[in-house]
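Report on the following structure.
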Amino acid sequence: MIKLNNITKVYRTKTIETTALNDIDLHVPKGEFLSIMGPSGCGKSTLLNIIGLLDEPSGGTIRVDGQEVIKYASKATAKFRNEKLGFIFQSFHLIPDLNVIDNVELPLLYRNVSRKDRKEMAAIALESVGLANRKSHFPSQLSGGQKQRVAIARAIVGNPAIILADEPTGNLDSVMGDEVMEILTKLNKEEGTTIVMVTHDERMAKKTDRLIRLYDGSQVA
Ligand SMILES: Nc1ncnc2c1ncn2[C@@H]1O[C@H](COP(=O)(O)OP(=O)(O)O)[C@@H](O)[C@H]1O
Ligand SMILES: [Mg+2]
């Protein structure tokens, strides 16, 4: 499903060069729930952003769902990203001025989905994360765990093949974190969604199929 070969990422400013990723090879088969751990600054988010085609590697090749990705800034890549990938972030990234259902249907706005179908799909996604009764709430009226469940609903509303989650439980207490993990695990087991999750929490990582560790931009385990 995801194949990275010799991926390198170097950030250059006028004065310094930072190697965020150093020769990463990674193969994530379809249906795998993979977790990535490592100390702060080791390149986890950079790796996830490269897998998510949000960031372009300095070297190496990447294939997602059988397709080699070459042109990052193209419309075709934007469409591919929108249709194949769902993103979940530590700080939720909900839009404060939109209510829950409008937040969830956002990814569908970039596709040719009618307003009626958008509402219907968003309602189904919200139901699957147990928030059918919070459609008209605004993000500020929700708990952290509820916000992250809205973010999950938004990530899954378009039925992506791959979910990329960057410390999805990082801002949540353990009860809410467990709830979020349960939803992700269910999605992986029942829908076969491939999931790549960055986490600081060994307990969460243990619930996934496989764990890799990064240190200073290299894979160490
Ligand atoms: N836009 C950027 N410009 C320069 N350096 C960056 C940029 N983004 C990340 N880095 C550097 O790359 C390294 C990896 O960052 P990141 O992937 O965010 O780490 P992690 O998510 O593991 O904490 C860090 O040393 C960080 O300072
Ligand atoms: Mg990070």
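Both ligands and their constituent atoms are indexed starting at 1 by order of listing. Quick caveat: nothing in here was measured; it's all calculated off a predicted structure.
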I need the minimum non-hydrogen distance between Lys119 and Ile101, along with the two atoms involved.
O-CD1, 3.9 Å
Quick one: salt bridge (Lys or Arg N to Asp or Glu O under 4.0 Å) partners of Glu56, sequence neighbours excluded?
none
Glu83/Arg111 salt bridge by N-O under 4.0 Å criterion:
no
Pairs under 3.5 Å, N/O atoms on ligand 1 and on the protein: can you put them in a table with the distances?
unit_1   : atom_1 : unit_2 : atom_2 : d
ligand 1 : 17 (O) : Ser45  : N      : 3.4
ligand 1 : 17 (O) : Thr46  : N      : 2.9
ligand 1 : 17 (O) : Thr46  : OG1    : 2.5
ligand 1 : 19 (O) : Gly43  : N      : 3.3
ligand 1 : 21 (O) : Ser45  : N      : 2.9
ligand 1 : 21 (O) : Ser45  : OG     : 2.9
ligand 1 : 22 (O) : Cys42  : N      : 3.2
ligand 1 : 22 (O) : Gly43  : N      : 3.0
ligand 1 : 22 (O) : Lys44  : N      : 2.9
ligand 1 : 22 (O) : Lys44  : NZ     : 2.9
ligand 1 : 23 (O) : Gly41  : N      : 2.7

Ring pair (Phe, Tyr, Trp, His ring centres under 6.0 Å) contacts touching residues 82-122 (sequence neighbours left out):
Phe89-His93
Before giving the answer on side chain to side chain contact (heavy atoms under 4.5 Å, CB included), spell out for Leu142 and Arg134 the whole-Å C-alpha distance, their side-chain angles and the decisive distance to 0.1 Å.
CA-CA 9 Å; Leu142 302 174; Arg134 291 289 186 279; 4.0 Å; yes
Check Asn22, Val198, Ile24 against Leu214 for a side chain to side chain contact (heavy atoms under 4.5 Å, CB included) and give me the one that passes.
Ile24
Report yes or no: does Gln141 contribute a side-chain atom to a donor-acceptor pair with the main-chain N or O of Phe138 at less than 3.5 Å?
yes
Sum of protein N, O or S atoms, each under 2.8 Å from the Mg ion (ligand 2):
1
Using the salt bridge (charged side-chain N to carboxylate O under 4.0 Å, His left out) definition, which of the options Lys186, Arg149, Lys147 pairs with Glu179?
Arg149
Salt bridge check: are Glu120 and Lys116 linked by an N-O gap of less than 4.0 Å?
yes
